[in-house]
Structure formats: structure tokens, C-alpha cells
Asks: 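Let me begin by handing over the structure; questions about it come next.
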Protein chains: 2
Amino acid sequence: MSINKLDQIDHSLLEILQSNGKITNAQLSKEIGLSPAPTLERVKKLETSGIIKSYHAQIDREKVGLGVMTFVQVSLAGHRKAVSEAFVEKISKVPEIIECHHVTGSCDFLLKVIAKDINSYQKLIMETINEIEEVASTQTMVILSTFKDTQVLPVP
Amino acid sequence: MSINKLDQIDHSLLEILQSNGKITNAQLSKEIGLSPAPTLERVKKLETSGIIKSYHAQIDREKVGLGVMTFVQVSLAGHRKAVSEAFVEKISKVPEIIECHHVTGSCDFLLKVIAKDINSYQKLIMETINEIEEVASTQTMVILSTFKDTQVLPVP
DNA sequence: GGAAGTGCAAAATATTATTTGGCACAAAGT
DNA sequence: ACTTTGTGCCAAATAATATTTTGCACTTCC
């Protein structure tokens, strides 16, 4: 097995596949200027090496009736490891929480949360998140509009 | 053309395709219990109606050398529309900024930013973001670890 | 009761992925 | 200098998959 040394072609592949995960191998090979066989071989290598983790369909939040997205800054009651672990454990079961990051700064965790509307968001925050005993306080930032939200990371 | 009324099968399709955007139509049809033809027809309808917006490969940040991800709270100098627009315009050209949301709360914008390491992050924040004249102040939350980061929205 | 529309399955066809074999080049060993 | 080995590529054959077509069953609405 070869080592992870990405050349210019691999970078192009990653960039294209990040923005279009459903491109056909034939089309992909044209865009990078190789024949299908080595193109496929490179993509497979990126997949098996774990550089490409997965493929996802992106759906339109608004169109499926998820009109509200927020960031929630969470401060925990205490900072022992067990407290964090208990919190994370409970958070992981809530499907409306689509991101949960442990962060530096004035709060402990930052969550990204989606909901149908403000009412169901309020219900979620009051009856689910604030009810978690490890949570000391929360502060919500409601997203008014999103100007950029790309899946494409600039591979260095 | 039919109206957007999603039944149970469509919900299953959306859930499966969000978590596995590369599943074959044959496999997909098995999982939802239909034959390939109507399965494909439904997926195409979800795509053309815009409910499925796009497909993306997800890559491993760490493995491509992007070790740092942060959230940046940005406060602008003034709140007139022109100020916001100028800021958004400049932000949109920076590939390291992968999300930019206008939010309620103590700051104006929340950015998600990636960088190779802390040094290059510092360079980015000092020489690019803080240099934007509309930016009054920034406050960074460095992500220490991520416990949840799903592409799968729970369709209501 | 019949017409039109919808959703489905089965089979035929078209497209695409994948494998195979072989060539060219470069690096390492003799 | 001459193998040897490995890598990366292409072209063509084969396998898998997507897509189209046809027709049937069921419902709804005249």
C-alpha cells in the first residue's frame, strides 16, 4: 500500500468530488485529463485510505419544512470529565442537534440545531436541552440568513 | 408535475441518501421495498424539485492537513445594509471560511473557519479577516473536539 | 360505467463501472 | 550499462448498473 502523498491530480479529484459527489467516473476522468481506469484507481485509493470519508445528499432545509437553524452556546455545570461525557452522551441522541463541538472561549460547547419553526425550537431548547442536568445555561444565536455554507474544503 | 407531498417512502429515501449518497439505485430500491424503476423515478423527482440539492464527498480534515477548525464571532462597525453587504462580499472570496451566517445575539456574523494549524489560523484572522474594514471585532472559539457532525437532517 | 391519472413491476436497452493486459518510464540493485 | 521492480497510464473487454419502455392494477373524477 502506498503512502499518502497527494499530487496535483489528487487535489483536483478532491475538489471536484467535494462539490459534485455524483459525477460519473467517465466525466471525472475527462475533467482531470486521464482515462477512466487510473481515475477510478485514484478515487478508490482516496476512499480506502479514508481521505474521502463518505458521500452525502444535501437536502433543502426550507423545502422539507425545517425553517429554523440556530447555534447554541452551552455552559456546563462543572468541568470534570464525567460531566462532559454525560452531556455528550445525552446530546448524541437528539436528532435535531446536528453538530456538537467542544470549544474554547466563554462557553463550553457549541451546538448547531435545526427545527421546524420557532415554536418547536423553543420546545426543544426548553424541554430537551435545558432539561439536561449537566447544562448550566444556554445562549441561542438564531441564524437570520446564510451567505456561505460550502462542503468544499480548500485542501492545502 | 406533481406537488411536493412527501410520503413515508420519500422520507426513507431522503434519510438513506443523506447518510449514503453513493448507494446504487438497485440497493436503494431493496431497502425501501420497491423495484428499481419507481425508486429512480422518486429520486429524480426529489432532485428536480430541488429537495435534494446536491451530492458531496466528505473528506477527512485531519488527513488532508487541516488540523484547525474554529467558529468566529464577528461584530461589524455599524449595521447599515451596505456594511453587511460589503462584508459578505469580501468574506465570500476566502476559501478557508466555509460558513458565514448572519445571526441574532451579541455578535453580527458567525463564521466557521478551517486552517492548517494555529499559526496559519492566526495569519488568516489577523491578515485577512481583521483587516476587513467593516469588521469591528472578532472573537474566536477554537474547536477542541467534535462529538457530532451529521449531514442527516431529521425530515419532519 | 368509462376516461384519465398515478404508481408500480418486469424486461429490454443504454450507460457506466470495473477488470484485464500490456506499454512506458523511473528508481534501485547488480 | 543492464536487468529488475514498481508505478502510472491507456485501450479494450467484461460486468454491473442505470434508464427506458411497456403494460397492468388501482383510484379518482366526470
Side-chain angles (χ1 to χ4, degrees), chain A residues 1-60 62-65 151-156, chain B residues 1-60 62-65 151-156:
Chain A
M1 177 64 78
S2 77
I3 208 65
N4 284 341
K5 193 66 185 161
L6 302 181
D7 62 13
Q8 181 51 48
I9 295 177
D10 292 317
H11 279 79
S12 300
L13 288 174
L14 288 177
E15 190 180 331
I16 295 170
L17 288 173
Q18 283 186 94
S19 63
N20 179 9
K22 258 219 161 166
I23 190 172
T24 65
N25 187 59
Q27 184 63 32
L28 187 59
S29 65
K30 267 186 214 164
E31 298 203 9
I32 62 169
L34 284 183
S35 72
T39 303
L40 186 70
E41 195 182 356
R42 279 167 177 269
V43 173
K44 291 293 172 197
K45 199 167 287 181
L46 290 169
E47 288 170 1
T48 57
S49 70
I51 291 177
I52 293 177
K53 286 202 289 190
S54 48
Y55 294 86
H56 304 277
Q58 194 180 29
I59 72 176
D60 190 309
E62 313 273 346
K63 286 192 176 159
V64 296
Q151 309 294 322
V152 184
L153 310 183
V155 178
Chain B
M1 177 66 76
S2 77
I3 208 65
N4 284 341
K5 194 65 184 161
L6 302 181
D7 63 12
Q8 180 51 48
I9 296 178
D10 293 317
H11 279 79
S12 301
L13 288 174
L14 287 177
E15 190 180 330
I16 294 170
L17 289 172
Q18 282 186 94
S19 63
N20 179 9
K22 260 220 159 164
I23 190 173
T24 66
N25 187 58
Q27 184 63 31
L28 188 59
S29 66
K30 267 185 213 165
E31 298 203 8
I32 62 168
L34 284 183
S35 72
T39 302
L40 187 69
E41 195 182 356
R42 279 168 178 268
V43 173
K44 292 292 172 199
K45 198 166 287 180
L46 291 169
E47 288 170 1
T48 58
S49 70
I51 291 177
I52 294 177
K53 286 202 289 188
S54 48
Y55 294 86
H56 303 278
Q58 195 180 28
I59 71 176
D60 189 310
E62 312 273 346
K63 286 194 176 157
V64 295
Q151 309 294 324
V152 184
L153 310 183
V155 179

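Remember, predicted model here, so these are calculated numbers, not experimental data. All heavy atoms count here, side chains included; hydrogens, waters and symmetry mates do not.
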Asks: Has A:K44 got a side-chain N or O lying under 4.0 Å from the OP1 or OP2 atom of C:dA17?
Replies: no
Asks: Go through C:dA9, C:dT19, D:dC10 for me and flag the one nearest to the B:S35 side chain.
Replies: C:dA9
Asks: Would you indicate what A:T24 reaches in the nucleic acid, counting non-hydrogen atoms under 4.0 angstrom: base, sugar-phosphate, or nothing?
Replies: sugar-phosphate
Asks: Identify whether the distance between the nearest side-chain nitrogen and carboxylate oxygen of A:K44 and A:E47 falls below 4.0 Å.
Replies: yes
Asks: Take the protein atom CG of A:N25 and the nucleotide atom P of D:dA18, then report the distance between them rounded to whole Å.
Replies: 14 Å
Asks: Over how many whole Å does the gap from B:E41 atom CD to D:dG23 atom P extend?
Replies: 17 Å
Asks: Find out whether B:L17 and B:L28 are in side-chain contact, i.e. whether some heavy atom of one side chain is under 4.5 Å from a heavy atom of the other.
Replies: yes
Asks: Is the shortest heavy-atom distance from the side chain of A:E15 to the side chain of A:V155 under 4.5 Å?
Replies: no
Asks: Rounded to the nearest Å, what distance is computed from the CD1 atom of residue A:I9 to the P atom of nucleotide D:dC10?
Replies: 9 Å
Asks: Just the rounded figure in Å: distance from P of C:dT18 to CG of A:L40.
Replies: 5 Å
Asks: Report the distance from atom CD of A:Q8 to atom P of D:dG8, rounded to the nearest whole Å.
Replies: 16 Å
Asks: Does OP1 or OP2 of C:dG7 have a side-chain N or O of B:R42 closer than 4.0 Å?
Replies: no
Asks: In this structure, how many angstroms lie between the P atom of D:dG8 and the CG atom of A:L6, rounded?
Replies: 12 Å
Asks: Quickly, which of A:Q58, A:K22, A:Q151 forms a side chain to side chain donor-acceptor pair (under 3.5 Å) with B:H56? Name it, please.
Replies: A:Q58
Asks: Rounded to whole Å, please give me the gap between CG in A:L34 and P in D:dC9.
Replies: 5 Å
Asks: Just call it for A:A37: base, sugar-phosphate, or nothing, with non-hydrogen atoms closer than 4.0 Å on any strand.
Replies: base
Asks: Measure from CG on A:L17 to P on C:dA17 and round the result to the nearest Å.
Replies: 12 Å
